[in-house]
Each structure stands twice: as structure tokens, then as C-alpha cells.
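Below, read A as the first sequence line, B as the second, and so on, with proteins coming before strands; counting in each chain starts at 1.
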Number of protein chains: 2
Amino acid sequence: MSLRYAVLAALVHGEATGYELAKRFDAGVANFWHARPQQIYAELTRLHESELVRATEVPQRNRPTKRVFALTDAGVAELVAFAAAPKQPTALRDELMVAVQAADVVDPDVLVEALDRQAERARRKLAHFRDVERSILSGRTEEEFVRTTRHLGPYLTCRAGIRLETETAQWCAWAIELLRARQGRDQAPKANCPTA
Amino acid sequence: MSLRYAVLAALVHGEATGYELAKRFDAGVANFWHARPQQIYAELTRLHESELVRATEVPQRNRPTKRVFALTDAGVAELVAFAAAPKQPTALRDELMVAVQAADVVDPDVLVEALDRQAERARRKLAHFRDVERSILSGRTEEEFVRTTRHLGPYLTCRAGIRLETETAQWCAWAIELLRARQGRDQAPKANCPTA
DNA sequence: CGTCACATGTAAAAGGTTACATGATTCG
DNA sequence: CGAATCATGTAACCTTTTACATGTGACG
């Protein structure tokens, strides 16, 4: 039932089409909830039926008509109620970590490659979040910003994303080092000592 | 299909009962995958049918007979194949973050309370991971450990958990500060200026 | 001339959660 | 004497993923 609130929350700071929301949730750009486009479209339909969002059809030349969604007052009220309700703990599912947990039985080279890809992905997301941060602050210091903004929410979650992706990239680099260090023990002899 | 591999990975470093695995996956103690007990039992049944794990029935006095599961060679092979296959990006679902994203329309006190609970949860998990780390290293330095261990996997994921929970607790504290700072602007006048 | 971005969905299958069920023992 | 721990599941329901479907315009 939480996708409902995730979509509402994504609309707090302005209207959007299903397509735009889908990109945020699918690309992992929304750093707090993940969902596929099909889910977003279905959820928007349901939210519209419940009148928690209103839809405006915008005809376009040479493109399909799009529906722009915005929160209704009832939608805002729903979010307020959600915020007050007890939260489920964070649910994490990470295939790479499953592979890493099995590090002692799998090929280290394969793991290092996967860790490299993960680190690269983290750096890309980090760059994105830094852009978002810059555009949110738009020149103000954090102190100035906090006292004047109506966009504290996005700033807080953006900072969470920055911290998370920074950590991820650093951890990957550290893990790669350790795997290589151990490989050094196992494989250097093969290269250095033809007798082995 | 990944729960399958998560369970196999959890068995790499020793046998366990469904009950023990269920605790690890449910309590969020397994820091890389989340699953409910019912899922674990069902998955173990399937893994057993596929002969990726073997089960040993252990009768106990005054307790129901338990089934202790261990990886078979085929199970290890399955894990090796999984490690080499492309990984899906990390999927995160965090209800608290949804509420934080909506910070500009919800009651700040309610959010601060929720952030406090999250920080507390993070500190508890952190304490647990530190215990695990200590018991893995058991007095050795990291360098010694890496050169001699067959338990690098658990150490790597444990360190990821430590970093993640540390970050989470710090971010929560920072977010609380910012919310309070903004509240100061809105609410201090109410107390200090009876004219307002 | 192929592929990407825009823009929206349906339908079937897989995966995950919630509620329920059982039953002894130990701890406070 | 009630609650938590050990130990295992079934059944119904809800959520999520995957595969499929459609059509134009811009870019290289």
C-alpha cells in the first residue's frame, strides 16, 4: 500500500505526468522508493479514482496527449495521515550483496567486476544527486536555504542519496582492495614461483 | 528468483535451520536481503526438492524435531553461476523517506519522532554488526584476517552494514536538526511574541 | 533507416505479506 | 500465569515484475 504514498510524495512539489514519475521511480533516481512504469500508471489511475490527485489532459502536436497529475487537498491530507502512521523498517534487496556474502566460494575476478559496475553506478547517481542539490540550493548556503525554503523535503532526501551513494562507492573500492589483497596471496605464487 | 540465492548465500558458512535463517532475514539482521519466515520455509522446501541443499532431521527432547540445512555441491555451483550473472541494481523501499520527502506539508514534530525511532533502530543494528565484526575478526587485525580467513564474505557484508547504519544514524540526527531549525523560525515567535 | 525519447497502458505470472494454526518450555 | 523462544508450516490476499501492445518525431 505504500507505493500510493510514494507517488503522492513525489507530487508534493509540483505536478507531473505518469511518464515523468515513472522515470524518477524506475531509474532509481527517486532514492527512497523503486517502482516500474506500469506500476506508476496503475497507481495514478487508482489515485485519480479516489480523487487524491487531479488530472489535466494536455494535447500536444505530434505527440500523444499527456495527463498531468497534481495533488488535491484530499491527497495532501492522505500524506499527512501517512506521515503520522507507524513506518515499516527499510526493506533492502541487493543482489550484489548476496554474491559478496558468498565471496569465499565464488571467483574473485567475477566479484571484482560486479563491484566495479556497482561503484560506477553509484558515482553516476552521486553526480546526479549533486546536480539536484545544486539546483535546490541555487547559490544559497544551507542555513539561508533552511530558513526560507518550501522544499526542505527534497533537500533532505537528496542529501540522504548523496550520503548513501558516497558510502556505496567507497565500500565497493574497499571491498575490491580486500579481494585483490587475498588474490595476491593465492595467485601471485602462480606467477612468481613456477614450482608451485 | 533471488531469494533462492540469498538463502544459499546465507548457508555458505555453515548449516542452519529454517528458524535461524528466518530470524536473520526477518530481523533485518541479514543486511542485504529481507524476507519473512514463511518465505524462508517455502524456499528451503524448494531448494531441498532441487537438491541444492540437504536436510538433516535432528530430534530434540521437549522441542519439535528440527531440520538442519546445508549446501550441496550443486548448491554451491548454483551460487557460483549466480555470482557471474548480471545483477539487478539495489532495490530500496523506505517508508520514512517517503514521509521526509513530504516534509513541507506534514507536521515537523511527527517527522522528528519518526526520525528518532529510525536513528534508534540504526544504532541497535550498528551495535549488532559491531558484535558480529568482533567475533569475525576475533582479535586479529584486518590485514592478518584477510590473509588467513575463509570468511571474507561475511566480513565484507558486515562492514557494509556498519557503514550503512552509521550513515543512517548520522543522517537522521542531521535531518532532525534541520527540521528543528526551521521550526524555530515558525514556532519560537508563538512563544516569544504574544502579539503574533 | 534504425533507435531513442515521448506517452500510455493490459494481462499473465511471479513474488511477498498477513492471518492463522500448533504445541512445549523457559523466564520473569 | 502471561509472554517470549523454539520450530514449522498453510491459505488467501496483495504487490511487483515481465511480456506485450501502439504510434509519432527527432537524431545520427
For [X] and [N], is the shortest distance between a side-chain N/O and OP1 or OP2 below 4.0 Å?
{"X": "R93(A)", "N": "dG15(C)", "answer": "no"}
{"X": "Y19(A)", "N": "dT8(C)", "answer": "no"}
{"X": "Y41(A)", "N": "dT8(C)", "answer": "yes"}
{"X": "H34(B)", "N": "dG16(C)", "answer": "no"}
{"X": "K23(A)", "N": "dA7(C)", "answer": "no"}
{"X": "Q38(A)", "N": "dG9(C)", "answer": "no"}

Whole-Å gap separating [atom2] ([N]) and [atom1] ([X]):
{"X": "Q60(A)", "N": "dA26(D)", "atom1": "CD", "atom2": "C1'", "value": "14 Å"}
{"X": "L21(B)", "N": "dG9(D)", "atom1": "CG", "atom2": "C1'", "value": "15 Å"}
{"X": "F25(A)", "N": "dT15(D)", "atom1": "CZ", "atom2": "C1'", "value": "15 Å"}
{"X": "E95(A)", "N": "dT17(D)", "atom1": "CD", "atom2": "P", "value": "12 Å"}
{"X": "R24(B)", "N": "dC6(D)", "atom1": "CZ", "atom2": "C1'", "value": "16 Å"}
{"X": "I40(B)", "N": "dT18(C)", "atom1": "CD1", "atom2": "P", "value": "15 Å"}
{"X": "W33(A)", "N": "dT15(D)", "atom1": "CH2", "atom2": "P", "value": "11 Å"}
{"X": "F69(A)", "N": "dA7(C)", "atom1": "CZ", "atom2": "P", "value": "13 Å"}

*asked:* Run the side chain to side chain contact (heavy atoms under 4.5 Å, CB included) test on T168(A) and Q118(A) for me, step by step, so that the C-alpha distance in whole Å, both residues' side-chain angles and the decisive distance to 0.1 Å come before the verdict.
replied: CA-CA 8 Å; T168(A) 300; Q118(A) 175 92 330; 4.1 Å; yes
*What does T45(B) touch in the nucleic acid at a heavy-atom separation under 4.0 angstrom: a base, only the sugar-phosphate, or nothing?*
nothing
*Is there a side-chain contact between W171(B) and V100(B) (heavy atoms, below 4.5 Å)?*
yes
*With the side chain counted from C-beta on, respond yes when E43(B) and R4(B) share a heavy-atom pair under 4.5 Å apart, and no when they do not.*
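SC-SC contact between E43(B) and R4(B) confirmed.
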*At their closest point, which heavy atom of L3(B) faces which heavy atom of I40(B), and how far apart are they?*
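Shortest heavy-atom contact: CD1-CD1, 4.3 Å.
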*Relative to the 5' end of DNA chain D, which residue comes earlier, E43(A) or R63(A), by the nucleotide with the nearest heavy atom?*
E43(A)
*Nearest nucleotide by nearest heavy atom, which residue falls closer to the 5' end of DNA chain D, R36(A) or M1(A)?*
M1(A)
*First encountered from the 5' end of DNA chain C, between V68(A) and Q39(B)*: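 Here V68(A) is the residue nearer the 5' end.
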*asked:* So, applying salt bridge (charged side-chain N to carboxylate O under 4.0 Å, His left out) with E133(B), which one of R140(B), R159(B), R163(B) is it?
replied: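 Among R140(B), R159(B), R163(B), the one meeting salt bridge (charged side-chain N to carboxylate O under 4.0 Å, His left out) with E133(B) is R159(B).
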